[in-house]
Protein chains: 2
Amino acid sequence: MSIKGLFPIDKWDFKSESIFADLRPEDFELLTAHKSEHVYKKNDILFREGTYPSGIFFINKGKVKKYKVDKDGKEQIIYLANTAQLIGYHAILSGDRYPDSAAVMEESVITFIPKEDFLKTLDQSPALNKRLLKTLSHEFAVLANSLTMFAQKTVRERLALQLIVIREKHKVDAVEGAPVEINISREDLASLVGTARENVIRILTEFKEKGILETKGRKIIVKDINTLIKIANHK
Amino acid sequence: MSIKGLFPIDKWDFKSESIFADLRPEDFELLTAHKSEHVYKKNDILFREGTYPSGIFFINKGKVKKYKVDKDGKEQIIYLANTAQLIGYHAILSGDRYPDSAAVMEESVITFIPKEDFLKTLDQSPALNKRLLKTLSHEFAVLANSLTMFAQKTVRERLALQLIVIREKHKVDAVEGAPVEINISREDLASLVGTARENVIRILTEFKEKGILETKGRKIIVKDINTLIKIANHK
DNA sequence: CTTGAAAAGTGACTTTTTTCAATTCTAAAA
DNA sequence: TTTTAGAATTGAAAAAAGTCACTTTTCAAG
């Protein structure tokens, strides 16, 4: 997935290839033996930083934020996970506690798979091992990229970049052809970009005045993605 | 490794448990069948971002920086690797190109293991698979932590934190009992902290005036680690 | 259709960080 | 020991980002 060749999205977001794509039927059987499905409401919490993991979560449909909270309660969003993505496996693999929290951003349908089944499947499936190694090292590269972005880009550039990335993500669940409406609170946007809410609002206003985007209630509609790309790449 | 219980270093740095610790002898044999050892000089480059990986590098003794360079040539250090650490495996696992570059920071002895041997060993060793999954997910957590730090802490706080982390790393190769001399250019320090060199220098001067550290030529000696910890944690 | 609480937006001001243009220092090589 | 290039340092000014106090808008429950 790329925008005019300029913007390889998988440099900025995790590949969406399914982690379970090449499992043998018997492995898939074992993995999903005790799965359960739930509908979560907005703001429901899937897991909390510092607790021990009980299983993994597959997002059938919806949006989930992974975030960390610092001493002052300030939230930092690490990643926005979408429909068809799996979360919560890092802690199980590392044998440690969850390094971050996860909360549902809009009503979502999510499948839970107990830790034991995941680990058992991992023991008997070389394909799953290989796939997870690939996924994790790719995720690492994406995160390293984010780090560089935080260290070197201005808030304005980071916001432009995130708007592009979020818009791409929204496409997954969007109606074909219709303009993509980005539905995210200014607070979450600020937390994703790593700045204050007021700052985000000011820059959004500037973008609106320049015709780069429009708002419809609280939703954001990108009108001029090329300028947004230019801004994100500037420096 | 922790400092007064306050500061779990493995939250800020990768575990130094050897990745090869629990390999069977025959797997270790296969892995090291075609290894080669070289002495690298300061500023030698091990690999460059965007190139295809040819193997993995084990640091027998020395210091290596992993970094990314942006369009303007500005360098961002992602990680400082030390004696007994392994680098360059992410790209091989992801099946992609190197996401960052690696350069030697001081004369270093480094063992090279060809990609083919690494992959073959990976195919026949469940222990290596397990260990790598554990390592990668831990590394991911550390990087997520760094990201949060970049997004939420001031330059002053980040510099304090990095000084603590670097000092811990220097201990590995330091003479027992002697004061730890941090040997890093202001430029590299700035690149690690994600700011301008001048900014680093000003804050170092401030720390010096407050008796938190001393300099000996270009080397930095931490005198009051507790204050440094307080500064790093403030917010 | 109202309405109240949460979210969004504004303005003024402060602090932090960057930038640029010097000058001084350090360490390695001659 | 001297030389000298690269590294470190300093000062001043501009720009970016953060903070605080407040007003307006939105949206969903009643």
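Separating the CD atom of E209(B) from the P atom of dT9(D) is a distance of 12 Å, rounded to the nearest angstrom. We find that CD of E198(A) is positioned 11 Å from C1' of dA17(D), with the value rounded to whole Å. In this entry the distance linking CD of E106(B) with P of dA27(C) reads 16 Å, nearest Å. Here the P atom of nucleotide dA17(D) and the CD atom of E157(A) are 8 Å apart, to the nearest Å. Rounded to whole Å, the distance from CZ on R197(B) to C1' on dT23(C) is 13 Å. In this structure, NZ of K219(A) is placed 16 Å from P of dA7(C), rounded to the nearest angstrom. One atom, CD of E206(A), and another, C1' of dA15(D), lie 14 Å apart when rounded to the nearest Å. Distance NZ (K74(A)) to P (dA17(D)): 13 Å, rounded to an integer number of Å.
S101(A) and K66(A) are not linked by any side-chain donor-acceptor pair at a separation below 3.5 angstrom, with hydrogens and angles left out of the test.
Distances were taken from every side-chain heavy atom of I201(A) (C-beta onward) to each of dT10(D), dC20(D), dA8(C); the shortest belongs to dA8(C). Side-chain proximity of R218(B) to dC20(C), dA27(C), dC20(D): nearest is dA27(C).
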Close N or O pairs between protein and nucleotides 12-17 of chain C (under 3.5 Å):
| from | atom 1 | to | atom 2 | distance (Å) |
| --- | --- | --- | --- | --- |
| dA12(C) | N6 | R202(A) | NH2 | 3.3 |
| dT17(C) | OP1 | V155(B) | N | 3.0 |

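L213(B) contributes atom CG, which lies 6.5 Å from atom CD1 of I220(B) (distance to the nearest 0.5 angstrom). Rounding to the nearest 0.5 angstrom, the gap separating the CD atom in E106(A) from the NZ atom in K61(A) is 6.0 Å.
Between T205(A) and dG9(C) there is no side-chain polar atom (N or O) within less than 4.0 angstrom of OP1 or OP2.
Taking the six-membered ring for Trp and thresholds of 30 and 60 degrees, H90(A) and F140(B) have nearly parallel ring planes, at less than 30 degrees apart.
Heavy atoms of E187(A) sit under 4.0 angstrom from primed sugar atoms or phosphate atoms, though from no base atom. Across all strands shown, R186(B) has heavy atoms under 4.0 Å from sugar-phosphate atoms exclusively, and none from any base.
Side-chain atoms of S108(A) never come within 3.5 Å of backbone atoms of I110(A) as a donor-acceptor pair (strictly under, hydrogens ignored).
Both tests hold for K169(B) against Y79(B): distance to the six-membered ring centre under 6.0 Å, angle to the ring axis within 45°. Relative to the ring axis of Y67(B), K65(B) places its NZ or CZ within 45° and under 6.0 Å from the centre.
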